[in-house]
> 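Pasting in a structure now, in structure tokens, and then I'll have a few things to ask.
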Amino acid sequence: MTAGGPQAPPASAERGAFHGFVARYRRFLLTTHVNPDGDGLGSEVAMALWLRALGKSVRVLNDSPVPAAFTFLTRHHPIEVFEPELAEQLFDGAEALVVLDTSNRQRIGKLAPVLDRHAMPIAVVDHHVTHANGFGQVNVIEPEASATGEIVYGLIRESGCVLTTEAAESLYVALMTDTGSFRYSNTDSHAHRMAADLLGYGLDPQKIHAQVHSHASAARLRFFGEVLSALELYEGGRVVVLEASAEQFQKHGLAGADTENLVDMPRVVAGVEAVALFSEAEPGKVKVSLRSTGRIVVDQVASRLGGGGHPHAAGVMLRGTRADARSRILPELHRLIAALDEKRPEGGH
Ligand code: AMP
Ligand code: MN
Ligand code: MN
């Protein structure tokens, strides 16, 4: 990426503060949430390339490993995985931390307790509605952005830097994964304009889609098949419930992160308003993933129980059995669906 060129004015005071933050420090550490996705990883790599072009030194450290689908991004910039000694070393060597794609301090996982011991200036760049105050000195939190990558793209453009193909590719991965390849309700004209602009930097969208979507193991597909064949319908077919048990994870040799995209599959069932996945990769810990196909808002269901997310995609980790988790979540979904019926005009269908 090359520095220079005309600078656009920052789109907000917070973005202005972020540019000040970047100018103030030389050695940056970047991170994202546990079980990182295409948006977290793509945003990290694009941000790293940008900061490097500005002459900064940059390291990227995450709680959890890069899934196979995204390892091609690490060719553009290395992404390191938490080890206690490495974390101490990187926190010692950094002047400032940038947290991408989460504004919830706990979601940076094993880095959180290390951060407790290394007080340092923090900037948060995120698009989640939950914890929208942020925990940084600077918080660029824009829930209207389709992806954190969209905010990073805006910041880079404001700085006057010209994107390289590698940076454009990283940003494209961020945008394409968080919008479900431009299908979900967070897809808007900004997202499509950004995608069109990124294509101008010489990336190959077909190749990127193939790289991201050709990494499932046969075991994962069998596991999906098992879980999907047991799907349950509630609320007159408007709510789909999926369950994955610890025995199923074990039988197929899979981990929690392997459920990625599973909860999105029942969206294709006609008439579905919401999908809930109760995933128990470790006995006694139930990861709840919630999706709305656009009419009901599910993030508050998750945030009331300590999780969070977006209006139409949210999650929370609950202790206890899957039955306990269901009894806390399904009545909430029932209420939201019932409210849809009340909103319906007289005589409407
Ligand atoms: P998932 O169901 O894990 O794909 O997550 C859907 C959305 O909710 C993502 O944007 C996550 O960042 C968010 N999310 C999931 N789990 C949590 C959690 N425990 N706390 C806060 N946000 C979460
Ligand atoms: Mn994410
Ligand atoms: Mn995101």
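Numbers here are sequence positions counted from 1.
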> The criterion is side chain to side chain contact (heavy atoms under 4.5 Å, CB included); which residues satisfy it with Asp204, sequence neighbours excluded?
Gln206, Lys207
> Below 4.0 angstrom, N of the basic side chain to O of the carboxylate: do Arg75 and Glu166 qualify?
no
> Could you state the interatomic distance from CD (Glu14) to NE2 (His19), rounded to the nearest 0.5 Å?
11.5 Å
> Under a 3.5 Å distance rule, please check whether Thr130 uses its side chain to pair with a backbone N or O of Gly309 as donor and acceptor.
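Yes: the side chain of Thr130 pairs with the backbone of Gly309.
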> So for atom CD, which belongs to Gln250, do other residues, nucleotides or ligands contribute more than 12 heavy atoms lying within a distance under 6.0 Å?
no
> Which atom names give the shortest non-hydrogen contact between Pro9 and Glu158, and what distance separates them?
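Heavy atoms only, the tightest pair is O-CG, 3.9 Å.
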> Is there a chain of hydrophobic side chains (I, L, V, M, F, W, Y, each step under 4.5 Å between heavy atoms) that links Phe72 to Leu163?
yes
> Over all heavy atoms of both residues, which pair between Leu54 and Cys161 is shortest? Give the atoms and the distance, please.
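What the structure gives for the nearest pair is CD2-SG, 3.9 Å.
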> Is there a side-chain contact between Asn35 and Asp37, using heavy atoms and a 4.5 Å cut-off?
no
> Does Thr187 offer a backbone N or O that forms a donor-acceptor pair with the side chain of Thr179 under 3.5 Å?
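Checked: no pair found.
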> Please determine whether the number of non-hydrogen atoms from other residues, nucleotides or ligands lying under 6.0 Å from atom CZ of Arg328 exceeds 12.
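Count not over threshold, so no.
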> Given side chains that start at C-beta, do those of Asn104 and Phe135 come closer than 4.5 Å, heavy atoms only?
no
> Give a yes/no verdict on a cation-pi contact between Arg267 and Tyr184, requiring under 6.0 Å between NZ or CZ and the six-membered ring centre and an angle within 45° of the axis.
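Checked: cation-pi criterion met.
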> Rounded to the nearest 0.5 Å, what separation is found between the OG atom of Ser43 and the CG atom of Leu30?
10.5 Å
> For residues Pro78 and Val60, report the shortest heavy-atom separation together with the two atoms involved.
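Shortest heavy-atom contact: O-CB, 3.7 Å.
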> Which heavy atom of Thr164 sits nearest to which heavy atom of Tyr201, and what is that distance?
O-CB, 4.5 Å
> Above 12 or not: heavy atoms from other molecules or residues under 6.0 Å from CD of Glu232?
yes
> How about NE2 on His252, more than 12 heavy atoms from neighbouring residues, nucleotides or ligands closer than 6.0 Å, or not?
yes
> Go through Ser327 and Asp324 one step at a time and tell me if the side chain to side chain donor-acceptor pair (under 3.5 Å) criterion holds.
CA-CA 5 Å; Ser327 70; Asp324 294 337; 5.2 Å; no
> Is there side-chain contact between Val34 and Ile108, with heavy atoms separated by less than 4.5 Å?
no
> Does CZ in Arg222 sit with more than 12 non-hydrogen atoms of other residues, nucleotides or ligands closer than 6.0 Å?
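It does not: Arg222 CZ has 12 such atoms or fewer within range.
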> For a 4.5 angstrom cut-off between non-hydrogen side-chain atoms, does Tyr172 reach Tyr153?
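Not in contact.
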> Counting only heavy atoms not in Arg26 (residues, nucleotides, ligands), do more than 12 fall under 6.0 Å from its CZ?
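For Arg26, atom CZ is not crowded (no more than 12 foreign heavy atoms under 6.0 Å).
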> According to a 4.5 Å side-chain heavy-atom criterion applied to Ile, Leu, Val, Met, Phe, Trp and Tyr, with indirect links allowed, do Met47 and Leu90 form part of one hydrophobic cluster?
no
> What pair of heavy atoms forms the shortest contact from Ser146 to Leu175, and how long is it?
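Closest approach of Ser146 to Leu175, heavy atoms only: CB-CD1, 4.1 Å.
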> Do any N or O atoms from the side chain of Thr293 and from the backbone of Val272 form a donor-acceptor pair under 3.5 angstrom?
yes
> Measuring from Ile337:CD1 to Glu332:CD, what's the distance to the nearest 0.5 Å?
12.5 Å
> Hydrophobic cluster membership, with links at side-chain heavy-atom distances under 4.5 Å among I/L/V/M/F/W/Y: are Val45 and Leu61 in one?
no
> Taking Asp63 for the side chain and Lys110 for the main chain, is one N or O donor matched with an acceptor at less than 3.5 Å?
yes
> Are more than 12 heavy atoms from other residues, nucleotides or ligands located less than 6.0 Å from atom CZ of Arg193?
no
> What residues, two or more places apart in sequence or in another chain, satisfy side-chain hydrogen bond (donor to acceptor under 3.5 Å, both in side chains) together with Arg107?
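Expected list: none.
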> Using 30° and 60° as the class boundaries, would you call the ring planes of Tyr25 and Phe28 parallel, tilted or perpendicular?
perpendicular
> Would you indicate whether the side-chain heavy atoms of Tyr234 and Val240 approach each other to under 4.5 Å?
no
> Would you say the side chain of Phe278 lies within less than 4.5 Å of the side chain of Thr321, judging by non-hydrogen atoms?
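Not touching, per the 4.5 Å side-chain cut-off.
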> To check you understand the geometry: which heavy-atom pair defines the closest contact between Phe182 and His192, and what is its length?
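Smallest heavy-atom distance, with atoms named: CB-CE1, 3.9 Å.
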> Does the side chain of Val286 come within less than 4.5 Å of Met317's, by heavy atoms?
no
> Side chains of His76 and Glu169: do they bring a donor and an acceptor to under 3.5 Å?
yes
> Is a donor on one side and an acceptor on the other found under 3.5 Å between the side chain of Ser303 and the backbone of Gly307?
no
> Would you compute the distance between atom CG of Asp39 and atom OG1 of Thr148 and round it to the nearest 0.5 angstrom?
4.5 Å
> Linking I/L/V/M/F/W/Y whenever any side-chain heavy atoms sit under 4.5 Å apart, do Phe21 and Leu51 land together?
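Both belong to a single hydrophobic cluster.
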> Let me see the working for Asp126 and Leu100 under side-chain contact (heavy atoms from CB on, under 4.5 Å), right down to the final yes or no.
CA-CA 6 Å; Asp126 184 35; Leu100 294 146; over 6 Å; no
> Is there a donor-acceptor contact under 3.5 Å linking the side chains of Asp92 and His118?
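Yes, His118 and Asp92 have a side-chain donor paired with an acceptor closer than 3.5 Å.
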> Aromatic contact between Phe249 and Phe223, with the criterion being ring centroids under 6.0 Å apart: yes or no?
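They qualify: ring centres under 6.0 Å apart.
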> Given side chain to side chain donor-acceptor pair (under 3.5 Å), test His127 with Asp101 step by step and report yes or no.
CA-CA 7 Å; His127 68 135; Asp101 201 35; 3.2 Å; yes
> Nearest 0.5 Å, what's the OG1-CD distance between Thr32 and Glu44?
5.0 Å
> Taking atom CZ of Arg295 and atom CD of Glu273, what is their separation to the nearest 0.5 Å?
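That separation rounds to 4.0 Å.
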> Could you check whether any side-chain N or O of Arg238 sits under 3.5 Å from a backbone N or O of Glu235, counting only pairs where one atom can act as donor and the other as acceptor?
yes
> Give the C-alpha distance, both sets of side-chain angles, the deciding distance and a yes or no for side-chain contact (heavy atoms from CB on, under 4.5 Å) between Glu226 and Lys251.
CA-CA 11 Å; Glu226 232 173 66; Lys251 173 179 159 195; 2.6 Å; yes
> Can you tell if the side chain of Glu80 reaches within under 4.5 Å of the side chain of Arg59, non-hydrogen atoms only?
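A side-chain contact under 4.5 Å exists here.
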> List the steps, then state whether side-chain contact (heavy atoms from CB on, under 4.5 Å) holds for His77 with Ser170.
CA-CA 10 Å; His77 188 94; Ser170 308; over 6 Å; no
> Which of these passes salt bridge (Lys or Arg N to Asp or Glu O under 4.0 Å) with Glu280: Arg322, Lys287, Arg319, Arg326?
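Answer after filtering Arg322, Lys287, Arg319, Arg326: Arg322.
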> Would Val275 and Leu290 count as a side-chain contact (heavy atoms from CB on, under 4.5 Å) if you check the C-alpha gap in whole Å, the side-chain angles of each, and the deciding distance to 0.1 Å?
CA-CA 6 Å; Val275 186; Leu290 300 173; over 6 Å; no
> Decide whether Val152 and Leu198 are clustered together by the hydrophobic rule: side chain heavy atoms of Ile, Leu, Val, Met, Phe, Trp, Tyr closer than 4.5 Å, transitively.
yes
> Assess whether side chain to side chain donor-acceptor pair (under 3.5 Å) is satisfied between His128 and Ser103, documenting all intermediate values.
CA-CA 7 Å; His128 288 83; Ser103 15; 5.2 Å; no
> I'd like to know if the side chain of Glu150 reaches the main chain of Ala145, judged simply by a donor and an acceptor atom lying under 3.5 Å from each other, with no hydrogens or angles considered.
no
